[in-house]
Number of protein chains: 2
Amino acid sequence: MSTPIKYSSQREAILRFLKTRKDHPTADVVFQHIREDIPNISLATVYRNLNQLAAAGTILRLTTNGKTDHFDACVEPHFHFCCRSCNAVKDIDMEPFPELTKRATEASNYKIEDVTVLFSGLCDECLTEK
Amino acid sequence: MSTPIKYSSQREAILRFLKTRKDHPTADVVFQHIREDIPNISLATVYRNLNQLAAAGTILRLTTNGKTDHFDACVEPHFHFCCRSCNAVKDIDMEPFPELTKRATEASNYKIEDVTVLFSGLCDECLTEK
DNA sequence: CTCGATAACGATAATTATTACTATTATCAT
DNA sequence: ATGATAATAGTAATAATTATCGTTATCGAG
């Protein structure tokens, strides 16, 4: 049914780069870094592949308060924090909360497939610089 | 310090409309409805006032999987659900989870000010239509 | 190993949501 | 009433993302 996926070195580079980063870069940040290795890569290619990888569940798309999406190569369920000052997206290392999905399933007649928890406030760096 | 806020009938109409709706409309939906009462209202005015009301904490901005923000006149802490098929945003009526913010505060060195929980999956309507 | 179908590409145009700008109007304290 | 300025309508500009399109790369079948 679905069209077969062919290998591309660009996609491999994008995924490899994402895996080296803990800070959930945006499409443009990915683009800026990848072009150091592949100078003539197109921004559209970056978007196309990030979308495809996210659709396949290989990476995670993080929609935050900020206007642009961030991407995360870690697909294990975990929590994120978005700083309202610098818009950085960071991980919060705490145990998952299966209770949440369970109670939402009981409380609604929807098919709950996923839950995203996004904390916001001020990150460590923005806190110290007064 | 901050500039004083002056009354405007447009803003009042926007807020009044939002309060009649349980379904968290987007800026454009607000615009389309308000212009039935105020035919020459500008879309920019709708955006300006929604932003101002959200900044003041009078209404809530909901950033979802979909590309456009939704707005909610109910600022009491509660949970939302976004349908991956029709992109509708709906409430989920369940008890708040103070535990979440508490544990995030313990697990990080950030100043946690807020948390948004967004469930996703298929809504009741999309479930029934096959 | 060719070959052929087509997924993916680079480059760029188009689209979409949102914000900025500007001259005018409305609010409101004095 | 009047003056300072917040808010407006209308529109131009911006920013992020997606669509288009001619070309290139992948890869299974012969």
Side-chain angles (χ1 to χ4, degrees), chain A residues 1-18 24-56 58-71 82 84 86-89, chain B residues 1-18 24-56 58-71 82 87-89:
Chain A
M1 289 295 93
S2 58
T3 57
I5 289 178
K6 291 184 181 173
Y7 170 85
S8 94
S9 56
Q10 290 89 341
R11 179 162 55 244
E12 188 189 42
I14 289 166
L15 182 56
R16 185 153 31 87
F17 169 72
L18 255 195
H24 324 308
T26 61
D28 196 65
V29 169
V30 172
F31 175 61
Q32 296 303 337
H33 280 83
I34 296 290
R35 70 192 312 193
E36 290 174 11
D37 286 329
I38 310 175
N40 70 332
I41 194 174
S42 168
L43 178 57
T45 297
V46 174
Y47 273 105
R48 202 176 327 108
N49 281 296
L50 288 174
N51 285 341
Q52 186 188 281
L53 290 166
T58 310
I59 65 174
L60 224 60
R61 175 195 306 274
L62 307 177
T63 302
T64 70
N65 320 116
K67 54 201 69 180
T68 83
D69 285 350
H70 294 245
F71 295 89
C82 181
R84 71 165 155 83
C86 70
N87 272 321
V89 178
Chain B
M1 291 297 91
S2 58
T3 56
I5 289 177
K6 290 183 182 174
Y7 169 86
S8 94
S9 56
Q10 289 88 341
R11 180 161 56 242
E12 187 189 43
I14 289 167
L15 182 56
R16 185 153 32 85
F17 169 71
L18 255 194
H24 323 308
T26 62
D28 196 64
V29 170
V30 172
F31 175 60
Q32 297 302 339
H33 279 83
I34 295 290
R35 71 193 312 195
E36 290 173 12
D37 286 328
I38 311 177
N40 70 331
I41 193 172
S42 168
L43 177 58
T45 297
V46 173
Y47 272 104
R48 200 178 330 106
N49 281 296
L50 287 173
N51 285 342
Q52 185 188 283
L53 289 166
T58 310
I59 66 173
L60 225 59
R61 175 195 308 275
L62 308 178
T63 302
T64 71
N65 321 115
K67 55 201 68 180
T68 82
D69 285 349
H70 294 244
F71 295 89
C82 181
N87 272 320
V89 178

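Just so we're clear, the structure is a prediction, and the values are computed from it rather than from any experiment. The chains referred to below are lettered A, B, ... by the order of the sequence lines, with proteins before strands, and numbering in each begins at 1. Side-chain atoms are counted along with the backbone in the values below, which use heavy atoms only and exclude waters and symmetry mates.
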> Under the 3.5 angstrom rule, does the side chain of A:His70 hit a backbone N or O of A:Leu62 as a donor-acceptor pair?
Replying inline: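 No, A:His70 side chain to A:Leu62 backbone: no donor-acceptor pair under 3.5 Å.
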Salt bridge (charged side-chain N to carboxylate O under 4.0 Å, His left out) partners of [X], counting only residues at least two apart:
X       : value
A:Arg84 : B:Glu113
A:Arg61 : A:Asp69
A:Arg11 : none

> Can you list, by residue number, the residues of residues 38-45 of chain B that have a non-hydrogen atom closer than 4.0 angstrom to DNA chain D?
Replying inline: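 Hits under 4.0 Å, by residue number: B:Asn40, B:Ile41, B:Ser42, B:Ala44, B:Thr45.
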>> My understanding is that only residues two or more places apart in sequence, or in another chain, count here; which of them pass ring-ring contact (aromatic ring centres under 6.0 Å, His included) with A:Phe17?
In response: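 By the ring-ring contact (aromatic ring centres under 6.0 Å, His included) rule, A:Phe17 matches A:His33.
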>> Any non-hydrogen side-chain atom of B:Thr63 less than 4.5 Å from a side-chain atom of A:Thr64?
In response: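 They are not in side-chain contact.
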>> Measuring from atom CG of B:Asn49 to atom CD1 of B:Ile41, what distance do you get when rounded to the nearest 0.5 angstrom?
In response: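 Between B:Asn49 CG and B:Ile41 CD1, I get 7.0 Å after rounding to 0.5 Å.
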> Rounded to the nearest 0.5 Å, what separation is found between the CG atom of A:Leu50 and the CZ atom of A:Phe71?
Replying inline: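 Result: 4.5 Å between the selected atoms.
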Is any side-chain N or O of [X] closer than 4.0 Å to OP1 or OP2 of [N]?
X       : N      : value
B:Arg48 : C:dT19 : no
A:Gln10 : C:dG10 : yes
B:Asn51 : C:dT19 : yes

[atom1] of [X] versus [atom2] of [N]: gap in Å, rounded?
X       : N      : atom1 : atom2 : answer
A:Lys67 : C:dT16 : NZ    : P     : 20 Å
B:Leu50 : C:dT18 : CG    : P     : 10 Å
A:Gln52 : C:dA7  : CD    : P     : 11 Å

> Quick one: side-chain hydrogen bond (donor to acceptor under 3.5 Å, both in side chains) partners of B:Thr45, sequence neighbours excluded?
Replying inline: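 Listed in chain order: B:Arg48.
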>> Under 4.0 Å from a heavy atom of chain A: give me the 5'-most and 3'-most nucleotides of DNA chain D that qualify.
In response: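 Extent of the interface on DNA chain D: D:dA16 to D:dC27.
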Please list, pair by pair, any protein nitrogen or oxygen found under 3.5 Å from a nitrogen or oxygen in nucleotides 27-30 of chain C.
from: C:dT27; atom 1: O2; to: B:Lys6; atom 2: NZ; distance (Å): 3.0
from: C:dC28; atom 1: OP1; to: B:Tyr7; atom 2: N; distance (Å): 3.2

> For B:Ser9, what residues pass the side chain to side chain contact (heavy atoms under 4.5 Å, CB included) criterion, not counting sequence neighbours?
Replying inline: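 Side chain to side chain contact (heavy atoms under 4.5 Å, CB included) list for B:Ser9, sorted by chain: B:Tyr7.
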> Mind checking what makes side chain to side chain contact (heavy atoms under 4.5 Å, CB included) contact with A:Tyr47, not counting sequence neighbours?
Replying inline: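 In terms of side chain to side chain contact (heavy atoms under 4.5 Å, CB included), with neighbours along the sequence ignored, A:Tyr47 is linked to A:Ala27, A:Leu43.
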> B:Asp28 near the nucleic acid: base, sugar-phosphate alone, or nothing, with a heavy-atom cut-off under 4.0 Å?
Replying inline: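 Contact class for B:Asp28: none.
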>> For Watson-Crick and G-U wobble pairs within 3.5 Å on both distances, what is DNA chain D written in dot-bracket notation, | included for inter-strand pairing?
In response: ||||||||||||||||||||||||||||||
